[in-house]
Amino acid sequence: GIQVEQSPPDLILQEGANSTLRCNFSDSVNNLQWFHQNPWGQLINLFYIPSGTKQNGRLSATTVATERYSLLYISSSQTTDSGVYFCAVGGEETSGSRLTFGEGTQLTVNP
Amino acid sequence: KAGVTQTPRYLIKTRGQQVTLSCSPISGHRSVSWYQQTPGQGLQFLFEYFSETQRNKGNFPGRFSGRQFSNSRSEMNVSTLELGDSALYLCASSFQGAGNEQFFGPGTRLTVL
């Protein structure tokens, strides 16, 4: 099946710093989503981005499907950005809506 | 539009028991998927239901089963619980499934003693 790798596994920043999280995947995809998992466990949708670039406030994401990677940019980070960020992909070869998740990036933003 | 809801939010069971978790998708969504999250294995796909039919299945033993009703609500059942079944169980809904954006519920945290 499709493989998903996220980097870095851990990231510690000072408030106000910028960061880039990376997601590499091993096959063609028909779905790519970025999530932020809140302290209670819920996955919050950040971006649905199987290709192209999107921006939402201080966050933006780019997926280069032909090169099989996606990037999540966080600018002017805030302590509330802390948590785990997941990339999840749906492979074109899989039927249905199965998502394969990366292992996540644990982000800590210190005041 | 209301989001995905899951009940119960927390559950404590003992080994050997069985448990049923429920998921109500976003109105109009017909695909419901289930995932298990554990510290050791991360987020893993259990199965997907679409129009009351299981459309896709992950690599879990037969003790894990599910179903979907005509209103798209879904239940998953775990029989003969093991300690290793302690996990956060997340349900996701999407309009039709493949290639569609998925939205997750708050999860059910199951503890098996």
Side-chain angles (χ1 to χ4, degrees), chain A residues 1-7 9-10 23-25 27-52 54 56 59 61 63 65 70 72 83-106, chain B residues 3-6 9-10 23 25-26 29-51 53-60 66 68 72 74 86-111:
Chain A
I2 196 164
Q3 306 296 316
V4 181
E5 289 185 3
Q6 289 186 243
S7 60
D10 297 280
C23 172
N24 293 333
F25 45 94
D27 210 338
S28 302
V29 298
N30 60 11
N31 185 359
L32 190 146
Q33 292 185 241
W34 284 96
F35 298 94
H36 179 206
Q37 189 164 39
N38 69 20
W40 298 273
Q42 184 162 8
L43 292 172
I44 307 300
N45 288 40
L46 296 178
F47 293 102
Y48 167 71
I49 188 165
S51 64
K54 291 185 177 179
N56 184 4
L59 272 59
T63 297
S70 182
L72 176 69
V84 183
Y85 290 79
F86 287 102
C87 166
V89 305
E92 285 185 352
E93 297 305 313
T94 359
S95 62
S97 63
R98 177 180 189 149
L99 288 177
T100 300
F101 283 79
E103 294 194 355
T105 293
Q106 173 75 57
Chain B
V4 181
T5 59
Q6 291 187 244
R9 294 292 311 280
Y10 302 92
C23 172
I26 292 170
H29 284 191
R30 297 165 62 195
S31 169
V32 174
S33 298
W34 289 89
Y35 293 82
Q36 181 197 64
Q37 185 177 26
T38 60
Q41 299 298 317
L43 276 148
Q44 293 187 293
F45 172 80
L46 280 155
F47 30 65
E48 179 207 1
Y49 285 86
F50 180 80
S51 292
T53 301
Q54 188 181 88
R55 183 160 70 173
N56 209 343
K57 189 177 189 318
N59 226 9
F60 279 80
Q68 187 179 34
S72 295
S74 177
S86 294
L88 178 66
Y89 290 88
L90 293 163
C91 148
S93 87
S94 64
F95 179 58
Q96 306 195 103
N100 292 162
E101 185 175 8
Q102 296 194 42
F103 298 86
F104 281 79
T108 294
R109 195 167 294 276
L110 172 65
T111 301

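Only heavy atoms go into these numbers, but all of them, side chains included; no hydrogens, no water, no symmetry mates. In what follows, every chain begins at residue 1, and chains take the letters A, B, ... in the order their sequences are listed. These numbers come from a predicted model, not from an experiment.
Among residues 101-110 of chain B, the residues having any heavy atom closer than 4.5 Å to a heavy atom of chain A are, in sequence order, B:Glu101, B:Gln102, B:Phe103, B:Phe104, B:Gly105, B:Pro106, B:Arg109.
Within 6.0 Å of CD on B:Gln54 lie more than 12 heavy atoms contributed by other residues, nucleotides or ligands. Remark: A:Glu103 CD is loosely packed, at most 12 non-hydrogen atoms of other residues, nucleotides or ligands lying under 6.0 Å away.
Residue B:Lys57 holds its NZ atom at 10.0 Å from CZ of A:Arg98, rounded to the nearest 0.5 Å.
For B:Tyr35 and A:Phe101, the ring centers sit closer than 6.0 Å to each other.
Of the atoms belonging to A:Gln33, it is side-chain heavy atoms, and not backbone ones, that fall under 4.5 Å from chain B. Neither the backbone nor the side chain of B:Gln44 comes within less than 4.5 Å of any heavy atom in chain A.
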Step-by-step side-chain contact (heavy atoms from CB on, under 4.5 Å) determination, B:Leu90 to A:Leu43: CA-CA 9 Å; B:Leu90 293 163; A:Leu43 292 172; 4.0 Å; yes

Intermediate values then yes/no, side-chain contact (heavy atoms from CB on, under 4.5 Å), A:Phe86 and B:Leu43: CA-CA 10 Å; A:Phe86 287 102; B:Leu43 276 148; 4.0 Å; yes

### Message
Apply side-chain contact (heavy atoms from CB on, under 4.5 Å) to residues B:Leu88 and A:Gln37 and explain how you reach the verdict.
### Response
CA-CA 12 Å; B:Leu88 178 66; A:Gln37 189 164 39; 4.0 Å; yes

